[in-house]
Amino acid sequence: MATLEIKGLHVEIEGKEILKGVDLTINTNEIHAIMGPNGTGKSTLAQAIMGHPRYEVTAGTVMLDGEDVLEMEVDERAQAGLFLAMQYPSEVAGVTNADFLRSAINARREEGDEVPLMSFIRELDAKMETLEMHEDMATRYLNEGFSGGEKKRNEILQLMMLKPKFAVLDEIDSGLDIDALRIVSKGVNEMRGEGFGCLIITHYQRLLNYITPDHVHVMAGGKVVKSGGPELAQKLEEEGYDWVYEELGIEQTEEQNA
Amino acid sequence: MTVETKLALTEQDVRSFSEKINEAAWMTDFRANAFAKLEQLPMPKPDKTRIDRWNFTEFPTHTVESATFSSLEELPEEARSLFNEEKEYNVYVQHNNTPAFTSISEDLKAKGVIVTDIFTAAREHEELVKRYYMTDGVKVDEHKLTALNAAYMNGGVFVYVPKNVVVEEPIQALFLHDDENASFFNHSIIVAEANSEVTYIENYMSTVEEAKGQANIISEAITGDNAQLTFGSVDLLAKGLTGFVSRRGVTLGRDSHINWALGLMNDSDTIYENYTDLMGDGSESHFKSVVVGRGKQRQNFTTKIVSHGQNTNGMILKHGVVNDESTAIFNGIGSILQGATGSNAEQESRMLILNDRARADANPILLIREDEVTAGHAATVGRVDPLELFYLMSRGISKQEAERLIIRGFLQPVVSVLKAEGMKKLLAEVIERKLR
Ligand SMILES: Nc1ncnc2c1ncn2[C@@H]1O[C@H](COP(=O)(O)OP(=O)(O)OP(=O)(O)O)[C@@H](O)[C@H]1O
Ligand SMILES: [Mg+2]
């Protein structure tokens with residue numbers, strides 16, 4: 001079993017504090033969901049874990065099996081087993097999806113032990129089929145001109161090809177049509193198991209109908225303010241966030257009124 | 001200010017050269033005429049690059065004699081790999097200043113296609129060469145360097161595709177430079193007559209690390225009604241040469257297309273002029289070039305597409321990378337003349353700076369003299385996008401490799417449109433090498 005442990009995490013963007021002490025522990029074989037109003041710091045948490053250059057960690061720790069993630073370069077974090085499916089993936093012109101994926105896989109292997117081309121292609125074809133992606137997606141440039149939904153599928157394709165220990169999926173369901181939601185969920189569920197832990201950021205119960213979480217957390221004002229089981233997501237879907245604020249006796253934060 | 005030009009070669013020297021190679025008389029006269037104009041012509045003035053201290057006139061010797069080849073197998077390895085393994089036709093090779101190998105398929109020969117060195121062409125196809133040699137395209141008296149080319153011309157290829165002939169496989173010209181004392185005053189002419197189709201790819205390849213002298217190169221491409229010409233190049237000239245490279249397209253006919261795909265990978269300081277005149281109504285030009293500057297190299301790339309005819313379309317796409325202490329200036333000019341209604345001029349220049357000491361400048365200009373037209377430009381100069389870098393690194397790819405992927409991708413536009421596999425591979429390899 002592996003563990004990703006986030007403790008007292010404070011993060012700033014351009015001098016503005018967004019995360020104000022996040023505590024969260026995820027083990028492999030667990031699926032966690034984070035919900036919360038817009039602008040409360042969910043993506044910030046995801047980006048800070050992965051090491052986005054614009055987010056500055058000012059306090060707290062992120063440990064992966066006792067190793068200090070915050071000390072690592074971005075590529076080292078990925079090599080250590082972290083993965084982030086981004087809310088807004090970049091487009092990289094001139095680099096084909098297949099070349100990119102092969103580079104990413106080979107980066108995890110020793111020089112001279114590169115993945116054989118045929119087995120790579122076979123695996124890629126199989127995963128693309130699972131995700132019902134058009135085969136020309138492999139030879140198109142990375143995310144360039146992809147529709148919103150295609151980009152999301154492509155994130156899950158990368159997840160399936162790279163097989164990380166821990167994945168953070170940031171709004172992987174936004175912009176997906178109903179069929180795509182089912183397909184993408186199928187991809188994530190295939191990963192589920194002993195060696196895989198997952199943090200799903202979402203606004204909708206709908207996704208969690210397909211991927212049943214073990215734990216659900218609510219984020220507000222840059223903190224995890226409430227945690228529970230799958231029934232928590234259900235209640236949020238039905239009643240919104242007001243009761244959480246009331247229960248905790250906190251003022252609704254500015255981001256919620258904005 | 002007039003600067004007296006010390007010429008390395010007198011008119012008499014040029015005459016004796018003409019005699020020695022048994023040149024067509026008209027060409028000898030043509031040179032003399034250029035010589036007469038040379039002295040009073042001004043130097044070109046590439047925007048944003050001062051060239052008054054560049055040496056465009058001195059060189060060790062006008063011509064060197066080099067070996068001819070009886071087969072492409074005799075070429076050095078790097079040059080050999082440019083060509084398709086099985087076929088040895090539709091090829092012209094010039095070895096320094098010596099026409100060294102020419103081969104054209106029987107089929108094309110029967111259809112009247114000509115591929116031959118410029119001297120033979122001037123003798124054997126006098127009317128044709130006269131018709132196109134510095135007439136519709138580059139003019140002798142444009143500036144001193146065009147006149148110098150006309151006066152000193154010592155090589156080049158003539159390619160002629162008659163009406164209605166479709167040439168399926170690319171015609172490739174290799175200008176092999178392996179003598180550090182050799183200079184090029186090359187002049188090539190590519191003509192695609194009405195309804196013809198052809199891809200012509202020229203490759204200037206130095207196999208010496210450093211050289212002395214001039215690379216004064218002019219290539220003119222002229223197309224008739226409804227003709228389609230793709231003009232590709234991979235330039236790999238050595239450090240130490242002074243480069244003036246003018247590539248000119250003229251779509252004389254209606255609905256005629258000239259598309260450019262240029263990999264400009266010289267290590268020499270070079271001034272590039274790439275002009276295309278869209279004369280015929282409905283004619284088009286898509287220009288794509290990629291550039292990598294390194295060392296202390298200084299380069300200036302002026303690309304201009306001029307709409308003369310109605311409903312013409314000119315598109316310029318230039319990508320450049322500057323490394324080390326190199327400088328690259330991109331001047332792009334989209335020009336629509338009065339009367340060219342319904343025309344479109346677009347340009348996009350993108351430059352990546354890899355190093356604090358490298359310099360890049362993109363300078364887009366639109367010159368519009370007509371109302372009912374569309375035009376636009378986009379230019380960016382900057383670093384590798386940190387978000388793209390983060391994205392790739394977040395998949396486990398090292399920073400160095402991620403940068404390499406992004407830069408290689410950025411230079412992809414020309415690699416992907418070059419039609420000859422050997423050229424594609426060469427360009428991809430050279431890009432890797434130049435970025436190392
Ligand atoms: N460059 C920046 N400068 C200042 N504030 C920023 C900057 N980038 C993001 N923020 C702020 O950080 C806060 C948290 O943003 P974040 O993207 O983490 O929210 P989120 O919870 O993911 O929201 P959503 O549900 O809309 O995706 C927001 O209020 C946002 O406006
Ligand atoms: Mg977000």
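Quick note on labels: first sequence line is chain A, next is B, and so on, each numbered from 1.
Ranking A/E76, A/R77, A/Q79 against chain B, the residue ahead of the rest is A/Q79, based on heavy-atom pairs under 4.5 Å. Of the listed residues B/S398, B/P413, B/G396, the one with more heavy-atom pairs under 4.5 angstrom with chain A than any other is B/G396.
Looking at every heavy atom in both residues, B/R395 comes nearest to A/A104 through O-CB, 3.5 Å. When all heavy atoms of B/L392 and A/L142 are compared, the closest pair comes out as CD2-CD2, 3.7 Å. For the pair B/I397 and A/A107, the tightest heavy-atom approach, listed with the atom from each and the gap, is CA-CB, 4.2 Å.
Checked options A/Q47, A/M86, A/H52; the residue passing with B/S394 is A/M86 (criterion: side chain to side chain contact (heavy atoms under 4.5 Å, CB included)).
Remark: B/R383 CZ is packed, more than 12 non-hydrogen atoms of other residues, nucleotides or ligands lying under 6.0 Å away. At most 12 non-hydrogen atoms from other residues, nucleotides or ligands lie less than 6.0 angstrom from NZ of B/K239. B/E432 CD: more than 12 foreign heavy atoms inside a 6.0 Å radius. Around atom NZ of A/K163, more than 12 heavy atoms belonging to other residues, nucleotides or ligands sit under 6.0 Å away. Open room surrounds NZ on B/K399; 12 or fewer heavy atoms of other groups in view lie less than 6.0 Å from it.
Rounding to the nearest 0.5 Å gives a distance of 3.5 Å between CD of A/Q158 and OH of B/Y391. Separating the CG atom in B/L387 from the OH atom in A/Y88 is a distance of 13.5 Å, to the nearest 0.5 Å.
At a 4.5 Å heavy-atom cutoff, the contact between A/N143 and chain B is made by side-chain atoms alone. Contact of B/F390 with chain A is made through backbone and side chain together, with heavy-atom distances under 4.5 Å. With a 4.5 Å cut-off on non-hydrogen atoms, A/R108 touches chain B through its side chain but not through its backbone. If you measure heavy-atom distances from A/E91 to chain B, the contacts under 4.5 Å come from the backbone alone. For chain B, the nearby parts of A/P89 are the backbone and the side chain; heavy atoms of each come within less than 4.5 Å.
No side-chain donor-acceptor contact under 3.5 Å links B/E388 to the backbone of A/V92.
Looking at heavy atoms from C-beta onward, B/D385 lies out of side-chain contact with A/S90 at the 4.5 angstrom threshold.
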